[in-house]
Amino acid sequence: MAAAREEVAVYEDEVRSRYGHLEKMTDLVAVWEVALSDGVHKIEFEHGTTSGKRVVYVDGKEIIRKDWMFKLVGKEAFPVGASQTKATINIDAVSGFAYEYTLEVNGKSLKKYMENRSKTTNTWVLHVDGEDCRVVLEKDTMDVWCNGKKLETAGEFVDDGTETHFTIGDHDCCIKAVSSGKRREGIIHTLIMDEREIPESTE
């Protein structure tokens, strides 16, 4: 019987350590997902409206903790991702004891930032050698990212535009940039892997 009790205790400890992060987050008030070149980052925010406690987690890792704050409204700024993109959580009182939480990325609302990002980047999600790969092209720098790492690339001019070559595993990849001939559409970027065109994904 004692052995069974010990087993239960060990199991409870395992569960506690595995879900400890969630167990502690009793004051969780907001969760956002931010798609950057190096991946999609999850931002979680705890706000204790009695103690004024503020805790910010990025991808499950605690990066800001303020346990006692007399001022319940305000801002918390912190970096996100490999490029240290600036994010700010705004805490505003709506009425009485109700609060509103908004996330800004690089000084823009999350919605505006993502709209702008869709104009400055292209994203493709593909299955390579049994793994999902998220490939992101930053159009202004022509940097190419795959699953959080910036890739070595080689660019060349061709008859109808440019080609940016790189490899994923043993696969040859190329992003072709061709003018659409229409001013509003600008340049069309196409990802080709092993001579096969990969459809673009929307995030």
Side-chain angles (χ1 to χ4, degrees), residues 9 11-125 132-141 143-150 184 186 200-203:
Y11 173 72
E12 281 179 355
D13 283 346
E14 270 180 25
V15 168
R16 207 169 285 126
S17 64
R18 195 179 307 156
Y19 299 106
H21 161 60
L22 290 173
E23 199 177 272
K24 284 180 288 193
M25 293 173 70
T26 48
D27 295 318
L28 184 68
V29 291
V31 179
W32 297 275
E33 288 197 341
V34 182
L36 301 177
S37 296
D38 66 331
V40 179
H41 299 279
K42 188 176 187 181
I43 296 168
E44 295 161 296
F45 183 53
E46 279 189 75
H47 188 218
T49 50
T50 45
S51 65
K53 175 183 82 172
R54 298 178 191 177
V55 188
V56 178
Y57 298 89
V58 176
D59 299 327
K61 193 173 161 203
E62 183 181 302
I63 54 161
I64 291 176
R65 174 176 283 273
K66 294 176 180 171
D67 280 320
W68 292 95
M69 300 218 28
F70 291 106
K71 202 172 172 199
L72 290 174
V73 295
K75 294 172 185 279
E76 290 299 335
F78 51 95
V80 180
S83 55
Q84 299 282 287
T85 301
K86 189 188 171 196
T88 306
I89 293 171
N90 296 304
I91 308 155
D92 297 297
V94 184
S95 63
F97 292 102
Y99 295 87
E100 185 177 73
Y101 308 94
T102 52
L103 180 71
E104 287 180 1
V105 183
N106 276 350
K108 296 184 178 76
S109 72
L110 181 59
K111 187 172 183 283
K112 271 265 178 298
Y113 176 77
M114 296 315 289
E115 281 171 5
N116 188 51
R117 201 176 150 71
S118 68
K119 292 174 192 156
T120 58
T121 61
N122 287 77
T123 304
W124 297 267
V125 176
D132 282 333
C133 290
R134 179 176 176 271
V135 176
V136 178
L137 167 71
E138 293 182 351
K139 295 181 199 173
D140 51 352
T141 58
D143 285 339
V144 178
W145 294 73
C146 179
N147 289 357
K149 292 187 179 73
K150 199 194 285 191
R184 285 185 68 130
E200 194 178 345
S201 64
T202 52
E203 289 187 314

Roughly how far apart are [X] [atom1] and [Y] [atom2], rounded to 0.5 Å?
{"X": "M114", "Y": "T121", "atom1": "CE", "atom2": "OG1", "result": "7.5 Å"}
{"X": "I91", "Y": "K71", "atom1": "CD1", "atom2": "NZ", "result": "9.5 Å"}
{"X": "E44", "Y": "W32", "atom1": "CD", "atom2": "CH2", "result": "10.5 Å"}

Discussion item. Looking at K139, I want to see if its NZ is surrounded by more than 12 non-hydrogen atoms of other residues, nucleotides or ligands under 6.0 Å.
Written reply: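 Yes, enclosed.
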Going by side chain to side chain contact (heavy atoms under 4.5 Å, CB included), name the residues that satisfy it together with [X], two or more places apart in sequence or in a different chain.
{"X": "T141", "answer": "E138, D143"}
{"X": "N90", "answer": "K75, T88, D92, T102, E104"}
{"X": "S51", "answer": "K53, W68"}
{"X": "E200", "answer": "N122, W124"}

Taking all atoms of both residues into account, what is the closest heavy-atom pair of [X] and [Y], and its distance?
{"X": "A77", "Y": "K86", "value": "CB-CE, 4.2 Å"}
{"X": "V80", "Y": "A87", "value": "CG2-CB, 3.8 Å"}
{"X": "V56", "Y": "I89", "value": "CG2-CD1, 4.0 Å"}
{"X": "V135", "Y": "C146", "value": "CG2-SG, 4.3 Å"}
{"X": "Y99", "Y": "A93", "value": "CD2-CA, 3.8 Å"}

Minimum side-chain heavy-atom gap [X]-[Y] below 4.5 Å:
{"X": "L103", "Y": "V34", "value": "yes"}
{"X": "V58", "Y": "F78", "value": "yes"}
{"X": "Y113", "Y": "L36", "value": "yes"}

Worksheet entry | ring-ring contact (aromatic ring centres under 6.0 Å, His included) partners of Y101, counting only residues at least two apart |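 Checked Y101 against ring-ring contact (aromatic ring centres under 6.0 Å, His included); matches are F45, H47.
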Would you tabulate the side-chain donor-acceptor contacts of residues 105-112 under 3.5 Å, counting partners in other chains and residues two or more places apart, or write 'none'?
residue : atom : partner : partner atom : Å
S109    : OG   : K112    : N            : 3.2
K111    : NZ   : E115    : OE2          : 3.0

Worksheet item: Judged by atom type as modelled, is there a donor-acceptor pair below 3.5 Å linking the side chain of R54 to the main-chain atoms of E76?
Response: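 Such a contact is absent between R54 side chain and E76 backbone.
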Worksheet entry | Derivation and outcome, salt bridge (charged side-chain N to carboxylate O under 4.0 Å, His left out), residues D132 and R134 | CA-CA 7 Å; D132 282 333; R134 179 176 176 271; over 6 Å; no
